[in-house]
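Structure first, commentary second.
Note that the structure is predicted; figures quoted are calculated from it, not measured. Numbered from 1 within each chain, the chains take letters A, B, ... in sequence-line order.
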Protein chains: 2
Amino acid sequence: MTDLCEPTRSRKPSAPRRATLPQILNAAEWTFGTRGLKGTRVEEIAGLCGIPKANILYYFHSKEALYQATLARLLDIWLADADEWLSPERDPMEGMEGYIRAKMAFSRTRPEGSRLFAQELLSGGQMIQGFLKETLRAHVERHAEIFLAWQAKGLMRVIDPTHFMCLLWSGTQAYADMQVQFEALLDRESLLDTDYEAGIETFLTLIRPLFVQLG
Amino acid sequence: MTDLCEPTRSRKPSAPRRATLPQILNAAEWTFGTRGLKGTRVEEIAGLCGIPKANILYYFHSKEALYQATLARLLDIWLADADEWLSPERDPMEGMEGYIRAKMAFSRTRPEGSRLFAQELLSGGQMIQGFLKETLRAHVERHAEIFLAWQAKGLMRVIDPTHFMCLLWSGTQAYADMQVQFEALLDRESLLDTDYEAGIETFLTLIRPLFVQLG
DNA sequence: GTCTATATAATGATAGAC
DNA sequence: GTCTATCATTATATAGAC
């Protein structure tokens with residue numbers, strides 16, 4: 001998946017390539033996440049990089065290829081947080097809080113990435129079928145087993161693990177995907193750190209009862 | 001807002017207008033929700049209606065005007081459920097369950113509408129600034145007061161009402177907006193009634209502890 | 001009001017000089 | 001590898017017959 005970022009297979013990337021490629025991918029993540037695949041003009045990405053658009057199409061053969069490369073780079077880091085925080089050894093509620101904070105931090109620091117993923121899902125997810133059906137499904141099954149183990153030990157109340165994970169995602173990603181709605185409701189120019197903190201606290205209030213002493 | 005659906009102000013709409021307009025708006029909701037504003041071709045909407053695309057642009061002066069009209073019709077029904085279920089008289093937990101079921105039913109029966117709204121938010125919500133800052137904000141403030149009243153009476157645990165509503169929305173709309181993701185995870189061709197039911201039950205499991213006897 | 005045909009604008013992609 | 005200029009395609013919007 002990572003090699004989508006490298007249209008050619010040179011063993012040692014040249015200096016300009018090492019410098020320009022990440023710059024293009026960063027600009028592409030912002031633009032695709034903000035305008036969508038169809039709404040993005042290659043020229044805007046080029047403008048953000050300060051280079052002519054022909055250069056973009058020199059590195060990536062087409063707009064769609066750049067889109068796929070941008071998605072691929074994003075998906076590589078998408079699931080990283082879960083394995084760190086949701087592990088069998090860790091204390092359940094401590095892991096949940098860490099996971100929610102990590103997901104929320106992603107929505108705060110890289111909102112366009114979250115929006116890019118959301119747009120891809122909304123438009124049918126054709127580009128990420130493989131990721132969804134293989135990587136993500138395996139990821140969810142692995143963590144569902146951890147939840148079920150906690151439940152079997154009486155450390156967690158009985159709840160459907162898959163639907164629970166979906167709720168965790170939608171609730172945390174909403175702070176990126178529905179950002180303009182939240183800004184309007186909270187009457188903010190842009191969301192404050194305290195807003196994200198309040199969102200975390202609200203989430204934790206809902207989740208804590210799952211982990212209290214079950215008696 | 002409703003009159004955006006009617007480009008002319010004839011007091012008595014002609015018969016073909018009454019027949020064709022809703023058909024166009026239905027097709028537009030599906031197409032805009034599936035492909036986004038930029039990704040939608042007027043010709044596809046026309047094809048779904050079985051009419052030439054020039055007719056679409058006769059009724060609506062531009063693709064963007066049709067987009068706004070489609071959004072306007074959607075927003076008119078967007079908030080209808082809340083006032084029915086979240087009222088001061090009703091039993092809190094009964095109201096919450098009714099509200100969640102209503103929101104989930106919308107995601108099941110009209111997913112393209114939910115996706116259209118989501119796409120508009122993702123792309124910055126320029127078209128619905130007025131709705132967000134006036135109508136929706138007033139809506140949320142009204143229901144936040146109900147939550148706060150419940151909390152003051154000891155009928156509900158203390159939780160931030162605005163962030164709580166945001167969680168309710170993201171969690172229920174996710175079953176439309178992230179539908180392809182859920183289908184991949186649950187290994188379904190398309191989501192079953194039992195999947196939505198399991199989602200509702202998961203949500204209720206999280207919410208019930210907010211309303212147990214507080215002692 | 002409904003349709004066919006067309007003008008016009010936007011933009012992805014390429015050719016070819018440097 | 002980088003750039004300018006251009007081509008080719010696509011799709012919105014309009015003109016005008018019926």
Side-chain angles (χ1 to χ4, degrees), chain A residues 4-32 34-71 119 123 126-127, chain B residues 4-25 27-28 30-32 34-71 119 123 126-127:
Chain A
L4 277 174
C5 305
E6 300 269 344
T8 62
R9 289 306 213 106
S10 58
R11 197 164 286 276
K12 192 171 184 2
S14 68
R17 180 177 291 272
R18 275 203 311 276
T20 308
L21 272 180
Q23 193 185 16
I24 293 175
L25 287 168
N26 287 340
E29 182 170 310
W30 188 93
T31 312
F32 284 130
T34 304
R35 314 223 185 280
L37 170 56
K38 293 281 187 177
T40 289
R41 284 169 298 151
V42 175
E43 195 167 15
E44 181 170 11
I45 300 177
L48 288 173
C49 300
I51 60 179
K53 71 175 175 181
N55 292 25
I56 308 275
L57 294 162
Y58 166 75
Y59 284 111
F60 302 90
H61 298 344
S62 67
K63 179 168 96 159
E64 216 175 70
L66 173 57
Y67 180 75
Q68 289 189 352
T70 310
L71 263 178
Q119 299 232 30
S123 56
Q126 300 300 319
M127 305 283 195
Chain B
L4 277 174
C5 305
E6 301 268 344
T8 61
R9 289 308 211 110
S10 58
R11 197 164 285 277
K12 193 173 184 359
S14 66
R17 180 176 291 272
R18 275 203 310 277
T20 308
L21 273 181
Q23 193 185 15
I24 293 175
L25 288 168
W30 188 91
T31 312
F32 284 130
T34 304
R35 315 223 184 278
L37 171 55
K38 293 281 187 178
T40 288
R41 284 170 298 153
V42 176
E43 195 167 15
E44 182 170 11
I45 300 177
L48 288 173
C49 300
I51 59 179
K53 70 175 174 180
N55 293 24
I56 308 274
L57 294 162
Y58 167 75
Y59 284 112
F60 302 91
H61 299 345
S62 68
K63 177 168 97 161
E64 218 175 68
L66 172 57
Y67 180 76
Q68 289 190 351
T70 309
L71 263 178
Q119 300 232 29
S123 56
Q126 301 300 317
M127 305 283 196

Can you give the donor-acceptor pairs under 3.5 Å from side chains of residues 37-44 of chain A to other protein atoms, not counting sequence neighbours?
| from | atom 1 | to | atom 2 | distance (Å) |
| --- | --- | --- | --- | --- |
| A/Thr40 | OG1 | A/Thr31 | O | 3.3 |
| A/Thr40 | OG1 | A/Gly36 | O | 2.7 |
| A/Glu44 | OE1 | A/Arg35 | NE | 2.7 |
| A/Glu44 | OE2 | A/Arg35 | NE | 3.3 |
| A/Glu44 | OE2 | A/Arg35 | NH2 | 2.9 |

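Using a 4.0 Å cut-off, no side-chain N or O of B/Asn55 falls inside it from OP1 or OP2 of C/dG1.
Between the CD atom in B/Gln23 and the CD1 atom in B/Ile56 there is a gap of 8.5 Å [rounded to 0.5 Å]. Note that CD1 of A/Ile24 is 6.5 Å distant from OH of A/Tyr59, once rounded to the nearest 0.5 Å.
One atom, CZ of B/Phe60, and another, P of C/dG1, lie 13 Å apart when rounded to the nearest Å. Whole-Å rounding puts the B/Ile56 CD1 to D/dA11 C1' distance at 14 Å. As a whole-Å value, the separation of B/Arg41 CZ from C/dA10 C1' is 16 Å. Between the CD atom of B/Glu43 and the C1' atom of C/dC3 there is a distance of 14 Å, given to the nearest Å. The NZ-P distance, from B/Lys38 to D/dT10, rounds to 18 Å in whole Å. Following rounding to the nearest Å, A/Leu37 (CG) and C/dT11 (P) show an atom-to-atom distance of 14 Å. For the pair A/Glu44 CD and C/dA10 C1', the interatomic distance rounds to 14 Å; values are reported in whole Å. The interatomic distance linking A/Tyr59 (OH) with D/dC3 (C1') rounds to 13 Å, in whole Å.
Evaluation of the salt bridge (Lys or Arg N to Asp or Glu O under 4.0 Å) test over residues 50-70 of chain B, restricted to residues two or more places apart or in two chains, returns none.
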Review point. Yes or no on side-chain contact (heavy atoms from CB on, under 4.5 Å) for B/Phe32 and B/Leu66, after CA distance, side-chain angles and deciding distance?
Key: CA-CA 10 Å; B/Phe32 284 130; B/Leu66 172 57; 4.0 Å; yes
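Considering only side-chain atoms of B/Ile51, the nucleotide from C/dC3, D/dT12, C/dT2 that sits closest is C/dC3.
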Point to revise | Sequence-aligned protein contact record of nucleotides 13-18 of chain C, with B where the base is within under 4.0 Å of a protein heavy atom and S where only the sugar-phosphate is | key: BB----
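When all heavy atoms of A/Pro52 and A/Ala46 are compared, the pair lying nearest together is C-CB, 3.8 Å.
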